[in-house]
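Note that the structure is predicted; figures quoted are calculated from it, not measured.
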Amino acid sequence: MMKLKSIGMTLGLAISLVALATIGLSPHPGNAQTTVLYVSSITGSDAGLCTQDVPCATIQRAIDLAVPGDEIRVASFDNLDACRYTGSGASAVAALNKELTLRGGYVYVHGLGDIWTPGVIPATIDGEDARQGLVITGNISPTIQLFTLINGAGNQGGNLAVHGAHPRLTGITVLSGTATTSGGGIYLFNSEAVLSGLAAQNNQARDGGGLFVQGGGVTILAGVIQGNTASESGGGLYLKNTATALEGALVISNSAVSGAGLMLDGPLTADPTQVPLILNTYVRYNQATGDGGGIYLNQAIAGILNVIVADNSATNGAGAYLRGASPLLWHTTWAQNEGQNGLFVSHAPGLPPVPSFPVLTNSIWVSHTVGVYIASTGYPFPLQNHATFNGTLWSNGADWAGPGEIVHQNDVTGDTRFTCTGQAPACLAPYHIVADSAALDAGVALGGPPFDLNLMLDIDGEIRPSGAGFDLGADEVQEPQGVFLLPPLSMLVAAPGQDVTHTLSLWNTSPATETFDLTFRPDHGWSTLVTATAITLGPQQNAPLAVRVAVPTSAAVGVQETTLLTATSRTEPDHQAGAVQVTQVITPATTDLTVRKTSATSEVVSGESIRFTVVLTDSGPLTDTVAVTLTDTTVPTTAIGGLRAPAGCTVNLATGITRCGITFDQPARQSHLRYTLDDAVLPRTWTGEFTLTTTENYSGGLVNTVIAALVSGIEANPADNVSAAAVQVIPPPAPSTLYLPLLVKQ
């Protein structure tokens with residue numbers, strides 16, 4: 001279960017934790033009992049046991065055979081044929097109620113052997129407009145990766161429905177799904193799901209054309225929600241009483257009667273951990289025939305940060321419509337929303353009514369007929385609608401209107417000077433500001449102890465403030481200065497009791513020698529600045545820095561340490577740079593392995609030898625002992641005359657399989673069956689050479705594949721744990737005939 005914590009202000013926006021949700025999306029730890037099952041709709045058969053050489057034909061058959069902890073690999077291509085998975089009748093194409101890993105994208109090559117190689121093209125699940133694509137139920141947390149679900153149909157969740165489960169979904173696309181009530185593309189109920197790399201397009205439903213989320217706390221990362229339709233509310237998304245976090249999304253060109261882009265229906269709660277968050281997101285070109293073109297909030301409290309709401313249309317609230325809602329908004333840009341007003345602030349009728357109390361800090365409001373309209377409840381404060389603006393650039397036909405209450409301070413006027421306002425590819429960063437914008441350095445100061453990382457990054461993830469102060473709107477112009485800390489954001493993971501080190505560089509780009517004082521502010525006090533607190537650098541010089549984080553053994557999984565490192569020039573105090581280090585506490589023994597195999601030649605003559613080189617890399621971030629098994633396979637076996645492998649590897653010529661045991665740990669040493677490197681240095685690399693001698697009578701293709709697997713632990717990115725090299729074996733040239741002259745002596 002993922003919880004976004006509140007730090008700093010009234011409502012903490014956990015951008016960093018949301019971003020880190022992508023770390024650790026891999027399946028369960030390696031386990032000797034884990035079984036891998038295989039599925040191909042082209043040549044598979046459900047009469048078998050879903051083995052590598054005899055895969056099943058349907059995903060459901062593999063699910064039925066699997067036990068919790070197993071992995072199912074689903075082919076996107078069978079040789080050169082594209083796979084498609086569907087069902088019959090009204091039952092879903094696949095129903096999942098077990099703790100499994102379901103991976104699409106595999107390329108199944110057979111003929112010279114049975115090779116399953118991970119690819120990047122998702123596997124297709126087709127509901128054929130007659131049934132749901134995938135249904136996930138039960139208190140489980142399966143891993144689902146690389147699937148396209150199309151043409152699904154159901155009551156709740158046309159393409160994908162999740163009831164009480166908490167899946168981790170990566171690389172999921174839902175297209176042309178239909179729901180009679182909720183969630184044409186996706187329906188999530190009481191779920192703590194994490195969706196990373198989502199695309200929801202051209203789905204339709206009564207409510208929540210693209211997605212419908214009710215209850216729970218879903219996290220949606222890096223999504224494109226486009227062209228979806230709701231006959232009532234929430235064309236792109238409908239969030240109902242949920243602590244969902246939407247981060248790094250494009251919500252564009254959706255349509256509905258109300259809340260065309262996004263409908264937030266509740267919760268009306270003072271608990272900051274239970275409210276929805278909208279972060280680093282574009283809401284554009286959405287069209288409502290009623291109210292709320294971009295966003296509609298109904299009796300909801302929400303946190304909105306670094307959001308651009310532009311080019312939407314509606315009768316009232318072309319950008320946003322508030323009905324008894326009290327969101328907190330920081331660094332938002334509102335522009336060119338077409339309707340009677342950009343923001344409509346209203347109340348939920350009743351005795352007494354539920355008024356709206358939006359608070360907007362450091363925002364831009366330009367190019368509306370009326371920027372903000374505040375309606376009246378007919379009652380005095382505190383039952384009156386009341387909008388608060390602090391730090392605002394105004395440039396509208398009328399900046400505000402209506403009988404309700406508005407408080408505004410630190411107002412700014414002038415030319416906004418956007419970079420561009422169109423669409424890609426002509427406009428890649430719409431509604432960003434340039435260096436001579438009136439919004440530059442015009443915002444009010446934010447943050448302060450305890451440091452809140454979320455308010456210190458703009459829509460592009462760049463550090464704010466840059467320059468003399470905070471910029472208004474979602475974008476922060478990165479002003480040239482004499483000092484830089486690189487990278488500005490470093491994110492690592494560590495297990496309880498582990499140490500990790502963030503490595504940075506301090507750069508002096510000014511023409512003079514300067515001394516920089518280093519200060520740092522950690523969240524929990526786990527961080528230590530390893531280097532000196534004062535560094536002198538000449539012009540154009542740089543120096544390495546290190547921040548070490550010692551995670552206590554008592555630290556809970558999911559907690560994060562956030563540290564702000566600041567470098568300030570003693571002679572020019574306005575020459576200042578900041579960098580943020582985030583350390584996420586995860587389940588022990590996570591690492592990221594990468595394996596690469598290359599051959600010294602692409603063609604050899606029968607009977608000759610081929611040298612293959614394998615490079616295994618452990619990128620950490622954990623630096624304790626890591627045990628790895630390498631499995632090297634050559635097909636066909638008839639091509640193998642001999643095979644020489646590194647010491648510690650076991651060769652089986654009959655099967656063409658070589659297995660090697662490799663261990664990364666400390667101290668640096670090498671012995672039989674163990675290859676070890678100093679764990680203070682990442683990445684750690686092992687290189688091995690395999691020499692294969694071909695048989696005299698074989699000619700044709702030869703494929704050598706290597707797979708790296710953790711003996712135990714969690715693999716952060718198993719997609720790069722497989723590598724293959726192909727070599728063509730050609731017959732020797734035919735012997736030449738030599739003709740000698742015959743001399744006859746008389």
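Atom CD of Gln581 and atom OG1 of Thr562 lie 9.5 Å apart (nearest 0.5 Å).
Residue pairs satisfying the salt bridge (charged side-chain N to carboxylate O under 4.0 Å, His left out) criterion with at least one member in residues 632-648, sequence neighbours excluded, are listed as follows: Lys597-Asp632. For the salt bridge (charged side-chain N to carboxylate O under 4.0 Å, His left out) condition, the pairs that include at least one residue of residues 687-697, sequence neighbours left out, are Arg611-Glu689.
A salt bridge does not link Asp46 with Arg61: none of the charged nitrogens is closer than 4.0 Å to a carboxylate oxygen.
Taking the ring-ring contact (aromatic ring centres under 6.0 Å, His included) definition, one finds that Tyr108 meets it with His110, Trp116, sequence neighbours left out. Every residue was checked against the side chain to side chain donor-acceptor pair (under 3.5 Å) condition with Asn97, not counting sequence neighbours, and none meets it. Qualifying side chain to side chain donor-acceptor pair (under 3.5 Å) partners for Thr705, counting only residues two or more places apart in sequence or in other chains: none. Residues passing the side chain to side chain donor-acceptor pair (under 3.5 Å) test with Ser527, sequence neighbours excluded: Glu561, Thr563.
The two residues Ala532 and Leu518 have their closest heavy-atom pair at O-CD1, 3.3 Å.
A donor-acceptor pair shorter than 3.5 Å cannot be found between the side chains of Thr691 and Ser609.
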Thr694 and Ser606: CA distance, side-chain angles, deciding distance, side-chain hydrogen bond (donor to acceptor under 3.5 Å, both in side chains) verdict: CA-CA 6 Å; Thr694 60; Ser606 300; 5.6 Å; no
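With a 6.0 Å radius and a threshold of 12 heavy atoms from other residues, nucleotides or ligands, Arg596 has its CZ atom above the threshold.
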